[in-house]
Amino acid sequence: MKTEDFPKEIQPFLIPEKKGEMIYRCLGCEREHGIEKLLYTCPDCGQVLLIDDTDADRLRAIPGDLWRRIFDYRRMLKIPAVKGIYLYHEFVGPVIPLESVVWLGEGHTPMVEANGIMQEKAGMRFYFKNDGQNPSASFKDRGMASALSYIRFLVQGGHVSDVLAICASTGDTSAAAALYAAYLKPHVKSAVLLPHQKVTPQQLSQPLGSGATVFEIPGVFDDCMKVVEHLAENYTVALLNSKNAWRILGQESYSYEIAQDFEYDMGGKVMIVPIGNAGNITAVMRGFLKFYDVGIISTLPKIIGVQSAHANPVYLYYQTPESDRRFVPVTVRPSVAQAAMIGNPVSMPRVVHLTDIYNHKEGEQKVFVVQVTEQAIMDGELLANRNGHIACTHGGESLAGLMEAKKQGIIEENEVAVLDSTAHALKFSGFQEMYFENRFPLEFEISPRPDLMNAPTFVQPDDLENVPAPGKSLGNEDFERFVRRTAETIAKELDLKDGEG
Ligand SMILES: *Cc1c(COP(=O)(O)O)cnc(C)c1O
Ligand SMILES: [Zn+2]
């Protein structure tokens, strides 16, 4: 649709322009720092940062109802730069001009309602939001689109050149970073550090395929992160971990999309989010808070963070009575929710800061953290996918979290939940394989439920001497016999009835 065909009152707002002023704000000393330079932590006190718009009053000057119509009409535009996270340009990155935006197809992932069987098991209505349908098959693309658009903006402005983008990763961050960096060749190159044998073969194939320099390091993610931090402190590199506050901005789009898909009615809604490095839950909270503050939504949804009992520092923190809460990192144990196997989440100060604000906005607790077993995560994933979803282990963790929160009475049956399916099932299919073949190492504490197991059946009737093979075709008679006998065996196995098909 062309601009002139939109309603008159929408036209001036339809195509977003570079506006506002963004600054890094330190969560420790609250000082502001300019965004002309890439910063990850406060130069004064070392604490993590968030990016604020210092001219946010201009957003409040537009009534919520008009905002809602702007976003709804904007969805009809054919301009690539506003097809993804920058549909919400004014909230995601108003200082980024559209010509700097990198859009590789991320965002606007579907919310798929669970079928009757699943809703009955859960005792309530719920959806999976399939963030595995992003280009590198995880939600990390939202944040990378933002971080790399900002880097492209710096490159176009002549502020930086020959950027080396670097990150430590449990797999998905490096896949996304390498993909977006590859698009900005030759100005941006990427290097990723992965914990040796702690990412899946699929995840390893992604940065390799995108042409990144890949390093494997002994230890777990937390160890890789320390090496990357050392590099960022001592050399000129662009850090793409979630310390990078631009990533949080991009990931806020997840909340904006959900609000829009519910016609901005967030009453009785519950968001279920797995927690690893805690960047995702930070962004989800912040997204809803921003829409709430401007009057685009009038209720904040509940937010339930979920952690595995094998990597649960955030859960333990909130289990402690408020008066003696002190964050203590944990040593993680093996987890099928491998991308969340983090004992010392970088975004913990952001979570503490935003949870406090979120819980005080409407005068009631709205943020909760539950923990689930490895068994529940795996069973959850397999159950979901048997009912038409494409959840990875972390999506399974979301489902396990829903069940746990429901059991504890944190969620009521008349509420509607949205489960974050953070990556595509295929990225973590190795865990499904271990389940089906019952070969989880003991420390995972997972034993497969027979009703959820599955395996292929090899069909070769004993009385067949000749079977086809690559490069070897059978004579007519042998081939006909092969087809008939194989079909008969399958029909028997499936208990098929005679008929003409
Ligand atoms: C990164 C990741 C998480 C954890 O998100 P955080 O922002 O680190 O809390 C969960 N699931 C998947 C698939 C991920 O890639
Ligand atoms: Zn500071």
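Atoms within a ligand are numbered from 1 in the order they appear, just like the ligands themselves.
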What residue pairs, at least two apart or across chains, pass side-chain hydrogen bond (donor to acceptor under 3.5 Å, both in side chains) with a residue in residues 272-284?
Asn280-Asp420

Test: Lys290 and Glu252 ion pair at under 4.0 Å
yes

The Zn ion (ligand 2) neighbourhood, protein N/O/S only, threshold under 2.8 Å
Cys26 SG, Cys29 SG, Cys42 SG, Cys45 SG

Would you please indicate yes or no on a ring centroid separation below 6.0 angstrom for Tyr127 and Phe262?
yes

Hey, does the side chain of Ser210 reach the backbone of Ala212 with a donor-acceptor pair shorter than 3.5 angstrom?
no

Phe428: partners by ring pair (Phe, Tyr, Trp, His ring centres under 6.0 Å), with sequence neighbours left out
His394

So, Arg25 and Glu30, do they make that salt bridge, N to O below 4.0 Å?
no

Assess the side chains of Gln260 and Tyr88: does a donor N or O sit below 3.5 Å from an acceptor N or O?
yes

With a cut-off of 6.0 Å (strictly less than), are more than 12 heavy atoms of other residues, nucleotides or ligands near OH of Tyr183?
no

Close N/O pairs between ligand 1 and protein, under 3.5 Å:
residue	atom	partner	partner atom	Å
ligand 1	7 (O)	Gly279	N	3.1
ligand 1	7 (O)	Asn280	N	2.7
ligand 1	8 (O)	Asn277	N	2.7
ligand 1	9 (O)	Gly276	N	2.8
ligand 1	9 (O)	Asn277	N	3.2
ligand 1	9 (O)	Ala278	N	2.8
ligand 1	11 (N)	Thr422	OG1	2.8
ligand 1	15 (O)	Lys140	NZ	2.6
ligand 1	15 (O)	Asp172	OD2	2.6

Ignoring hydrogens and angles, tell me if any N or O in the side chain of Glu106 forms a donor-acceptor pair with the backbone of Leu104 under 3.5 Å.
yes

